[in-house]
Amino acid sequence: MKLLVVDDDADLRAILAFALRGAGYFVVEARDGAGALAAAAAERPDLVVLDLNLPDADGLDLVSRLRGGDPASRPILVLSVRAAEEDVVRALDLGADDYLTKPFSPRTLLARVRAVLRRAGIERPEPLEAGALSVDLERRLATVAGAPPVRLTPLELRLLQYLVARARETVPAERLLVHVWGGRGEGDRQLLKQLVHRLRLKIEPDPASPRYLVTDAGEGYRFEPDGGQGA
Amino acid sequence: MARWSFRLGLTVWALGLVAAAIVATAGVSYFMVARLSHEEALARAERAAERALGARARGLDPELFEAGTGVEVAVRDRAEIAGAFDDPRVPLWREALEGGGAASIVDAEVGAVAVRALTGEPSPGVLEARIPAAAVEAPVRRFAARVLAASLLVALAAALTAAFAARRLGGPLAQLARAAERLEAGELGRPIPSPGGTETAALGATLERARVRLAEAGAELERRRSELESVVAGIAEGVVAVDRDRRVRYLSVPAAALLGVEPSQAVGRFCGDLLRPQAVDGVRPCDDACPILHARFRGASHAVELLEAAGEPARPVVIGASAPSGGLQVLILREESQVEAAQRARDAAVADLSHELQTPLAAQGASLELLRERVTESDPHALDLVLALEAGTARLRRLIDNLLESVRIESGQLSVRHVPVDLEEVFEEAVAMTRPLAGRRRQRLEVELPHPPPALTGDPQRLGQVLVNLLSNASKYGPEGSTVRLGATADGERIGLWVEDEGPGFQEPAPRAAARFRRGPSEPRQEGSGLGLWICRSILERHGGSLAVTRADGRTRVTAELPARGAT
């Protein structure tokens, strides 16, 4: 999978490339509009991450030129500072597939890149599945044992993904804290409790006596894929 | 139909009335007098006839006997009666002679006649006593003459009385009519008399009071007008009033001087033709960014435009436009002061700088996140350092967001979207943004969001900004180690996003607390720019919402109140 990253800021370009390479993508970089068009023609990337504010070209103009005559292929993910919100709407109109505002979280960027690639049919969707739980990652919809799907917030999804990856294993609260917010204070512990509570409201048949999202008192939390029956 | 004056009408009416009375009285009197006079004459003639008969019986000549009494006595024998034809008395004679008795008539031609039949020889005939017509009619004529004279006198008296009365009544009315005409013509200087009787005097007094009040009101109006004139003339800024079509209706002297036009030539012209704002990308601001239209639909507005009035090079002019009142909108114009120009330049520089800062800040934030995931498992001290860096980055980001937003608000460029808001995500993001700040002060954040959260329409990013600002304020003012709570409540069509802390609260009502660059009493100098609440208020206003502060049980709750369906 080949990605083209276009940004005039070298540091940001390096970080974007680092994060995307870490996720297994092959990354080509360009620092301006001319370079972007040249790289797009020479390298034929599967997706372009495009900063709208470039020194030599109008970002919106570049969106339509990168799209070329083939709107079905080569999705574009626009990266923009917040002031250019109106530009972003126009970029979407011109054929961009998604946008992210700066500053951004690399993890969010990866999620969006995957979503765009899946929508374009380039990468196959990988729903998160574990026992009775099934999660549509792109739309953040969780289904438990055939119940109607519920929408999760990004942090709820992050927590659930982390626990599902370590199913039937007690994960210490501290590790969850650092993973979800990057905090270790007493207040953060409280926030984690609230987050778990809200997640239980969404996925547990009876949130008062949880079956999937279990508390191991004094240690941490544990995910049971089969609602405790298989344990 | 011709109108008669009151005086003439009254006179004619009185005269007519008197004349009718006279005619009626005179007619009745004349008829009765004539009848009495005839009866009297007839009785006299009868008596004379009886006396003459008696005298004849005594052998006296009846004619001589009655001589000098004014009664003519005559004896007519049969032959004479038989031979007479054309005398009107003939039937009378015959009646007496043949009826064997007496007969009498009163006739206008012959007078009063009494006839007696004579007996014996020779040649019996009749005796006639007659009072001539002239003698019968004389008293009647005298009476008629007197009545006529008296009538004339009465008519004269009546005419004089009517004229006098008409003068007494009509004069004051005519006077009042003239006074009222003066009132109508606006001559308020001369007092109005109270002439004539009580009614006209009362009318006059009422008119006089009306005149005095009109005169006072007029004077007051004139005084206010000249006051207003001098106030407007004394305003150093130019004052321009425009109508619904944005045509100039009034222009103060300083406004004329600022625009380099004569006030008389400016009135009636289209505002944009007079002010000549510089076109942006070939489009006149009048068409898409007119402060007058903005003020008309969204309340008082404020803009800085480059005006090319009077053919001079474009100058920046500050334009304040009021909401319409009485079909007019008032514009206040003044040249941008040096301070304002500097402020505008500063805001532009701040905006540029903030934009410049965003890219390296994004790089820093992204690097830190990647770094954090690498040090998690290994070195807790390194992790603490990364977390401290992340907290600092979050603070910088909040600061830059606020600065940019404040510049946008100041220059009137803040536009909000109206889309469904996922309050769970907004709260989550706001908490994630403020968590490091609260963590440093050992404060706990408690979210009380109903499940499912209330539905809301608005700008998610900006509402998130409101929450972040309210949360960082609460964290700043709340004591160390305390709890900061936040949540949402739905009450019909209103939704409240609230943040509660255990701090001392505001020392003044919310609107003042929300002024730009204002700090709370105990706010440490190094924390924040004082922009937070001001920005919250501006964002909420554009959502049709407001900020409310309540205190209870030692807790201060700041609520952002919003219409559920968003501003319309």
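Letters go in sequence order (proteins before strands), and every chain restarts at 1.
Closest approach of I15(A) and A363(B) over heavy atoms only: CD1-O, 3.0 Å. Here the closest non-hydrogen pair linking A366(B) and P106(A) is O-CG, 3.3 Å.
Between R158(A) and E428(B) there is no salt bridge, since no side-chain N of the basic residue sits under 4.0 Å from a carboxylate O of the acidic one. Ionic pairing of R151(A) and E424(B) is not present here: no N-O contact between side-chain nitrogen and carboxylate oxygen is shorter than 4.0 angstrom.
Interface remark: R13(A) contributes no atoms to any contact with chain B (heavy atom separation under 4.5 Å). Contact of A438(B) with chain A is not made at all, since no heavy-atom distance falls under 4.5 Å. The contact between L195(A) and chain B is made entirely by side chain atoms (from C-beta outward), counting heavy-atom distances below 4.5 Å. E446(B) touches chain A through backbone and side chain together, each having a heavy atom under 4.5 Å away. Only the side chain of V431(B) comes within contact range of chain A, with heavy atoms under 4.5 Å apart.
Rounding to the nearest 0.5 angstrom, the gap separating the CG atom in L152(A) from the CD atom in E425(B) is 10.0 Å. How far CD of E369(B) is from OG1 of T108(A): 6.5 Å, rounded to the nearest 0.5 Å. Distance check: F427(B) CZ to R198(A) CZ gives 9.0 Å after rounding to the nearest 0.5 Å. R435(B) contributes atom CZ, which lies 8.5 Å from atom CG of L177(A) (distance to the nearest 0.5 angstrom).
Heavy-atom contacts from other residues, nucleotides or ligands closer than 6.0 Å to CZ of R31(A) number 12 or fewer. Other residues, nucleotides and ligands contribute over 12 non-hydrogen atoms within 6.0 Å of the CD atom of E169(A). For K2(A), the NZ atom counts as densely surrounded, since its 6.0 Å shell holds more than 12 non-hydrogen atoms of other residues, nucleotides or ligands.
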List the steps, then state whether side chain to side chain contact (heavy atoms under 4.5 Å, CB included) holds for K102(A) with T359(B).
CA-CA 7 Å; K102(A) 290 184 196 173; T359(B) 299; 3.4 Å; yes

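Residue with the most contacts toward chain A among G439(B), S367(B), A391(B), A432(B): S367(B) (heavy-atom pairs, distance under 4.5 Å). The candidate with the highest count of non-hydrogen atom pairs below 4.5 Å against chain A, out of L361(B), I400(B), V447(B), is V447(B). Between chain A and the residues L449(B), D422(B), L368(B), the largest count of heavy-atom pairs under 4.5 Å involves L449(B).
Remark: the backbone N or O of V178(A) is paired with a side-chain donor or acceptor of R372(B) at under 3.5 angstrom.
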